[in-house]
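For reference, the structure is listed below as structure tokens.
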Amino acid sequence: MFKTNAKRRHLFLVAAATLSLGFVSLASHPTQTQAASSKTFSASQTAGLTGYYSSTKAGYAFHWKYLQSSKGIQRVLIFGDFKKPTVMVAVPTKLLAKAKTSAPLNLRLRPLTQRESSQKQNYSFYIKKQSATQFTVKLKSYSTGKLPSTSGTAYRFTRTSSSPATKLTNEWTRDALTKTYTKQVNANVEKQYQEALAAGKKVADPKTDATTQAKIKSTVDSAADKGVKQVIKNFNYNV
């Protein structure tokens, strides 16, 4: 059980290619053994993969993180659904099968929620290695949110050494938050407008009033900026 509340819950948010000429060395042609090994996981990798795994098309990413817990240093998985946007923390509970061949790495995990003690649902998912940096992962929607799974829609994930959070928030999150906040602010402004009319006050229609529209845009942009920063912070788990 983690020491801080932030480490016990879902973090939901209101938001070179080279060109060579001349002779080609024989060493540049991978042997069958080299090609096969590029699609297998080493013993150290099965304990927990390094780097960040992301799919721009899916708007999704995940990575492993070391955290201090009552049991000592514990490794957790951080999942980011940048379309929603939602960040989820899960504990890998079991490695179901070590990949001695090109078979997928099969992991089981348990999401951490605010009701951690009563959370009994475990989820399994596959990571299939295509190359040193390319992997195939299936995503599926559950009641707890979208998670990698043994079934669902397959996406190509790329492994990078740096966090993809900024790229994915610019690609997906900012627009999603802007739409959500715009809807919320417009609803609040319209409610205030109708209340003012009912009270007999003479007020400008917010839908056509330039000053009100400018304030709405400024409010939404500010909220979206804060939301994007929070998504990035939560995914990188800088708590």
Side-chain angles (χ1 to χ4, degrees), residues 9-13 35-65 74-113 116 119-173 175-176 231-232 234-237:
R9 64 187 66 183
H10 289 157
L11 301 176
F12 290 105
L13 307 173
S37 63
S38 69
K39 294 187 177 183
T40 61
F41 293 94
S42 66
S44 61
Q45 287 177 320
T46 59
L49 303 180
T50 59
Y52 297 82
Y53 299 76
S54 65
S55 168
T56 300
K57 182 178 181 180
Y60 202 93
F62 61 92
H63 65 104
W64 274 257
K65 183 93 173 181
Q74 188 169 9
R75 202 161 196 170
V76 300
L77 274 161
I78 315 296
F79 298 99
D81 183 351
F82 292 85
K83 289 185 178 182
K84 191 140 186 97
T86 304
V87 174
M88 187 185 300
V89 183
V91 177
T93 59
K94 190 176 183 181
L95 176 65
L96 300 182
K98 289 187 177 181
K100 296 180 179 179
T101 65
S102 60
L105 192 66
N106 190 351
L107 297 171
R108 179 175 292 168
L109 58 93
R110 174 173 56 83
L112 298 180
T113 69
E116 182 181 346
Q119 177 67 19
K120 298 180 180 180
Q121 181 68 52
N122 289 332
Y123 301 87
S124 296
F125 73 99
Y126 297 137
I127 302 177
K128 187 169 185 179
K129 188 176 182 182
Q130 305 294 348
S131 69
T133 60
Q134 299 296 310
F135 302 79
T136 299
V137 179
K138 292 180 179 180
L139 297 177
K140 185 176 180 180
S141 293
Y142 296 94
S143 59
T144 51
K146 186 178 289 184
L147 285 169
S149 179
T150 54
S151 62
T153 304
Y155 293 94
R156 179 64 61 93
F157 277 68
T158 300
R159 180 177 64 83
T160 58
S161 58
S162 57
S163 172
T166 298
K167 176 184 177 181
L168 291 175
T169 52
N170 288 333
E171 185 76 23
W172 295 106
T173 307
D175 285 346
V231 172
I232 294 172
N234 288 350
F235 178 77
N236 293 336
Y237 220 62

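Keep in mind that what you see is a predicted model, and the values were worked out from it rather than measured. Quick note: residue numbers are just sequence positions, from 1.
Side-chain contact between Pro148 and Leu139 is present, with heavy atoms from C-beta onward closer than 4.5 Å.
The closest donor-acceptor contact from the side chain of Lys167 to the backbone of Thr56 lies at 3.5 Å or more, if one exists at all. Remark: side-chain polar atoms of Arg159 are not paired, donor with acceptor, to backbone N or O of Gln134 under 3.5 angstrom. Using a distance-only test at 3.5 Å, with no hydrogens or angles considered, no donor-acceptor pair links the side chain of Ser149 to the main chain of Gly152. In this structure a side-chain-to-backbone donor-acceptor pair under 3.5 Å is present from Thr173 to Phe82.
Proximity of the aromatic rings of His63 and Phe235 is defined here by a centroid distance below 6.0 angstrom, and this criterion is met.
Evaluation of the ring pair (Phe, Tyr, Trp, His ring centres under 6.0 Å) rule for Tyr60 yields no partner, not counting sequence neighbours.
With rounding to the nearest 0.5 Å, the separation of OG in Ser163 from CD1 in Ile232 is 7.5 Å. Taking OH from Tyr126 and OG from Ser151, the interatomic distance works out to 9.0 Å, rounded to the nearest 0.5 Å. Remark: Thr153 OG1 to Lys138 NZ distance equals 9.5 Å, nearest 0.5 Å.
The minimum heavy-atom distance linking Val87 with Ile78 is given by the pair CG1-CG2, 3.9 Å. The nearest pair of heavy atoms linking Leu168 to Gly59 is CD2-CA, 4.4 Å. Contact detail for Tyr52 and Ser161: the closest heavy-atom pair is CE1-O, 3.6 Å. Closest non-hydrogen pair, Lys65 versus Asn236, comes out as NZ-O, 3.2 Å. The shortest heavy-atom contact between Ala154 and Thr136 is CB-CG2, 4.1 Å. Scanning all heavy atoms of the two residues, the minimum distance from Lys146 to Asp81 falls at CB-OD2, 3.7 Å.
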Would Phe125 and Leu77 count as a side chain to side chain contact (heavy atoms under 4.5 Å, CB included) here? Give the steps. CA-CA 12 Å; Phe125 73 99; Leu77 274 161; 4.2 Å; yes

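Looking at Phe157, Tyr155, Phe79, Phe135 one by one, the single match for ring-ring contact (aromatic ring centres under 6.0 Å, His included) with Tyr53 turns out to be Phe135.
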